[in-house]
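Heads up, the thing below is written out as structure tokens.
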Amino acid sequence: TVRCRLVSLQDKEAVLEFSVQDTGIGIAPDKIEKVFESFTQASSDTNRKFGGTGLGLTISRQLVELMGGKLTARSTPGEGTTFTFTVSLPVGEGGTRQATEEVLQLDMIRRAKLLLVEDNEFNRIVAVDTLNEFLGEVQVDVARDGNEALGKIAQNSYDLVLMDIQMPGMDGYDATRHIRKMASPLNKIPILAMTANATPEEIAKCSECGMDGHVAKPFVPEALFRKMCELLNARDANA
């Protein structure tokens, strides 16, 4: 898994953090620094089993250091390893504002705590995987129906709720009505409807019961993120 995130943006310099995570054999704690040495493997049989001469990480660390950064590793034997480096880079001129704003908006979602309310297991997997694929690790809890959602909202502090409409038991409409009757600030949580029936009548019902917006399923990731940012920005503006 390869990730890149914006750490900070000041004047015309952007600090970016890159990480590469694998699910390999891992590295023992006392061997971590050794893998950065030329022609060195974590153990004597690594080369025989997996190949490699032990130069890749040495060269990578040198390249990162030439850019003013530092390459580090953390690992758990048997579970995998994550290599991370942070560098400061100049912001380009062409299309910079739009690209930078999009990165900052995605970072806003990354920092938010989300509640996904969805009864269909496949849809839950798609939604969570999409968020993780585009944003890296996100803070997302899952509720399988309206009743479970109300319990989680009462016990946690969420920034945004992604609400399915058609669910057994308490559907998305009733769940939203109950949320809007909760004590402040719980009743002000932004709620984004995710519905497969995006007719004008359905959209009107979403608004009438207290939802703040909607996206159609199957959703386009960019459209979902754009709407999520819109609701998060509106919440901050009204805070």
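Keep in mind that what you see is a predicted model, and the values were worked out from it rather than measured.
Put simply, the side chain of M170 does not reach to within 4.5 Å of the side chain of E148, judged on heavy atoms. At a threshold of 4.5 Å between non-hydrogen side-chain atoms, the residues L160 and M228 count as touching. Side-chain contact between M163 and T176 is present, with at least one heavy-atom pair separated by less than 4.5 Å. Between R177 and D174 there is a side-chain heavy-atom pair separated by less than 4.5 Å. Within the 4.5 Å cutoff, side-chain heavy atoms of T82 are placed close to those of T84. Proximity of V35 to I27: side-chain heavy atoms (C-beta onward) are separated by under 4.5 Å at one or more points.
The cluster map of Ile, Leu, Val, Met, Phe, Trp and Tyr, joined by side-chain heavy atoms under 4.5 Å apart, puts V20 and I25 in different clusters. Hydrophobic clustering of Ile, Leu, Val, Met, Phe, Trp and Tyr side chains at less than 4.5 Å, counting indirect connections, unites I109 with L192. Each of I203 and L231 belongs to its own hydrophobic cluster when Ile, Leu, Val, Met, Phe, Trp and Tyr are linked at side-chain heavy-atom distances under 4.5 angstrom. Cluster annotation: V161 is not connected to M108 through the hydrophobic network of ILVMFWY side chains, with a link wherever side-chain heavy atoms come within less than 4.5 Å. Under a hydrophobic clustering in which Ile, Leu, Val, Met, Phe, Trp and Tyr are joined whenever their side-chain heavy atoms come within less than 4.5 Å, directly or via other members, M194 and F134 fall into the same cluster.
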Worked verdict on I153 versus I179 for side chain to side chain contact (heavy atoms under 4.5 Å, CB included): CA-CA 8 Å; I153 289 172; I179 294 170; 3.3 Å; yes
Test log, rule side chain to side chain contact (heavy atoms under 4.5 Å, CB included), inputs T72 and F83: CA-CA 6 Å; T72 60; F83 293 92; over 6 Å; no
Steps toward side chain to side chain contact (heavy atoms under 4.5 Å, CB included) verdict (E79, T23): CA-CA 6 Å; E79 296 184 10; T23 55; over 6 Å; no
Chi angles and distances behind the side chain to side chain contact (heavy atoms under 4.5 Å, CB included) call for V215, T195: CA-CA 7 Å; V215 291; T195 172; over 6 Å; no
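Formation of a donor-acceptor pair under 3.5 Å by the R124 side chain with backbone atoms of E118 is found in this model. Remark: the backbone N or O of Y158 is not paired with any side-chain donor or acceptor of N156 at under 3.5 angstrom. With hydrogens and angles disregarded, a donor-acceptor distance shorter than 3.5 Å links the side chain of N120 to the backbone of F122. Looking at N233, its side chain does come within 3.5 Å of a backbone N or O of C229 through a donor-acceptor pair. Side-chain N or O atoms of R180 include none that pairs as donor or acceptor with a backbone N or O of C209 at under 3.5 Å. Counting only distance, with no hydrogens or angles, the side chain of D212 and the backbone of I191 share a donor-acceptor pair below 3.5 Å. In this structure, R3 contributes its side chain and S19 its backbone to no donor-acceptor pair below 3.5 Å. A donor-acceptor contact shorter than 3.5 Å links the side chain of T199 to the backbone of E202.
Using a 3.5 Å distance cut-off with no hydrogens or angles, the side chains of Q21 and T1 do not pair a donor with an acceptor. A donor atom on one side chain and an acceptor atom on the other are found under 3.5 Å apart for S75 and T81. A donor-acceptor pair shorter than 3.5 Å cannot be found between the side chains of R110 and Q139.
More than 12 heavy-atom neighbours from other residues, nucleotides or ligands sit within 6.0 angstrom of CE on M182. Within a 6.0 Å sphere centred on NZ of K113, other residues, nucleotides and ligands contribute more than 12 heavy atoms.
Rounded to the nearest 0.5 angstrom, L16 CG and L89 CG are separated by 5.0 Å. For the atom pair CD (Q166) and NZ (K217), the distance works out to 9.0 Å, reported to the nearest 0.5 Å. Considering CG of L63 and CG of L71, their distance stands at 10.0 Å, rounded to 0.5 Å. Between atom CG of residue D141 and atom CG of residue L116 there is a gap of 10.0 Å, rounded to the nearest 0.5 Å. Of the inter-residue distances, the one linking D145 atom CG with D171 atom CG reads 10.5 Å to the nearest 0.5 angstrom. For the atom pair CD (E65) and CZ (R61), the distance works out to 6.0 Å, reported to the nearest 0.5 Å.
F219 approaches T130 most closely through the heavy-atom pair CE1-CG2, 3.9 Å. Scanning all heavy atoms of the two residues, the minimum distance from A193 to I165 falls at CB-CD1, 4.0 Å. Nearest heavy-atom pair across M167 and G172 is CE-N, 3.6 Å. When all heavy atoms of P168 and D119 are compared, the closest pair comes out as CD-OD2, 3.5 Å. The two residues Y173 and C206 come nearest to each other via the heavy atoms CE2-N, 4.0 Å. Contact detail for L6 and D107: the closest heavy-atom pair is O-OD1, 3.9 Å.
A salt bridge is absent between R235 and E230; no separation between the charged side-chain nitrogens and carboxylate oxygens falls under 4.0 Å. Ion pairing between a basic and an acidic side chain is recognised when a charged N comes within 4.0 Å of a carboxylate O; E17 and R5 show such pairing.
Using cut-offs of 30° and 60° for the angle between ring planes, the F85 and F18 rings count as parallel.
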